[in-house]
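A short write-up of the structure that comes next.
Whatever order the structure lists them in is the order used to number ligands and atoms, beginning at 1. Please read all numbers here as calculations on a predicted model, not as lab measurements.
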Amino acid sequence: MSINREKNRIYINLNKCTGCRSCEIACSYHFSKTFNPEISSISVIRNDRTGDIKISINSTCDFCKDEDKPLCMKYCVSQALSII
Ligand code: SF4
Ligand code: SF4
């Protein structure tokens, strides 16, 4: 996958997102080869009372440099993430 880090963005489709947080786990694995959401570039907050979901991606995201595909996208079974 060819990604232009200046022009491309990760698009989050909240209508598809279930709040499973697999993307956080996958992101931390990219950076540290461990499963630690606290160091992830992507953050998922789900309000269990209302079901509202908020996702943000901070500036540490490197579009998964050296991976064949951004891991957050690769392991999102809901296909809620895409590159635009
Ligand atoms: S892996 Fe996909 S469905 Fe799960 S929280 Fe992340 S964006 Fe949402
Ligand atoms: S593209 Fe890679 S570094 Fe960026 S949020 Fe997704 S998993 Fe994390």
Side-chain angles (χ1 to χ4, degrees):
M1 174 176 287
S2 176
I3 298 174
N4 183 321
R5 291 169 211 285
E6 302 297 321
K7 293 182 178 175
N8 290 132
R9 295 286 178 269
I10 295 175
Y11 173 70
I12 303 163
N13 185 339
L14 285 175
N15 291 323
K16 289 185 175 180
C17 177
T18 62
C20 71
R21 301 181 68 190
S22 297
C23 51
E24 288 183 340
I25 298 292
C27 184
S28 70
Y29 187 80
H30 163 63
F31 285 118
S32 68
K33 302 296 182 252
T34 63
F35 301 117
N36 178 4
E38 291 187 6
I39 62 168
S40 298
S41 301
I42 188 165
S43 170
V44 181
I45 299 172
R46 185 177 189 279
N47 184 321
D48 289 332
R49 190 171 53 80
T50 64
D52 289 346
I53 297 168
K54 290 182 181 172
I55 302 185
S56 59
I57 299 175
N58 69 32
S59 61
T60 62
C61 171
D62 65 358
F63 284 97
C64 278
K65 185 174 176 287
D66 300 329
E67 307 280 359
D68 63 335
K69 181 177 180 178
L71 296 190
C72 55
M73 290 175 52
K74 188 174 181 178
Y75 291 102
C76 175
V77 294
S78 303
Q79 297 186 315
L81 302 174
S82 55
I83 297 285
I84 58 172

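- Here side chain to side chain donor-acceptor pair (under 3.5 Å) pairs that include residues 14-28, with residues two or more places apart or in two chains, are R21-E24.
- Distances below 4.0 Å separate heavy atoms of G19 from the following atoms of ligand 1: 5 (S), 8 (Fe).
- Taking every non-hydrogen atom of S78 and a distance limit under 4.0 Å, the qualifying atoms of ligand 1 come out as 3 (S).
- Close contacts of ligand 1 with R21, meaning ligand atoms under 4.0 Å from a residue heavy atom, involve 4 (Fe), 5 (S).
- If you check the side chains of N36 and T34, you find no donor sitting under 3.5 Å from an acceptor.
- The protein heavy-atom contact nearest to atom 2 (Fe) of ligand 1 is C76 SG, 2.3 Å.
- A donor-acceptor contact shorter than 3.5 Å is absent between the side chain of S78 and the backbone of A80.
- For the atom pair OG (S82) and CG (N13), the distance works out to 7.5 Å, reported to the nearest 0.5 Å.
- With hydrophobic clusters built from ILVMFWY side chains whose heavy atoms lie under 4.5 angstrom apart, F63 shares a cluster with L81.
- Distance from atom 4 (Fe) of ligand 1 to its nearest protein heavy atom, with residue and atom name: C20 SG, 2.3 Å.
- For atom 8 (Fe) of ligand 1, the nearest non-hydrogen atom of the protein is C17 SG, 2.3 Å.
- Looking at residues two or more places apart in sequence or on another chain, you find a side-chain hydrogen bond (donor to acceptor under 3.5 Å, both in side chains) between D62 and H30.
- In this structure, atom 3 (S) of ligand 1 lies nearest to the protein heavy atom T18 N, 3.4 Å.
- The salt bridge (charged side-chain N to carboxylate O under 4.0 Å, His left out) test applied to D48 returns R46, not counting sequence neighbours.
- In this structure, M73 is a member of the same hydrophobic cluster as I57, with clusters built from ILVMFWY side-chain heavy atoms closer than 4.5 Å.
- Distances from atom 8 (Fe) of ligand 2 under 2.8 Å pick out these protein N/O/S atoms: C27 SG.
- At a threshold of 4.5 Å between side-chain heavy atoms, the hydrophobic network of Ile, Leu, Val, Met, Phe, Trp and Tyr places F31 and Y29 in two separate groups.
- Under a 4.0 Å heavy-atom criterion, I10 is in contact with ligand 2.
- Cluster membership for I10 and L14, using ILVMFWY side-chain heavy atoms within less than 4.5 angstrom, is shared.
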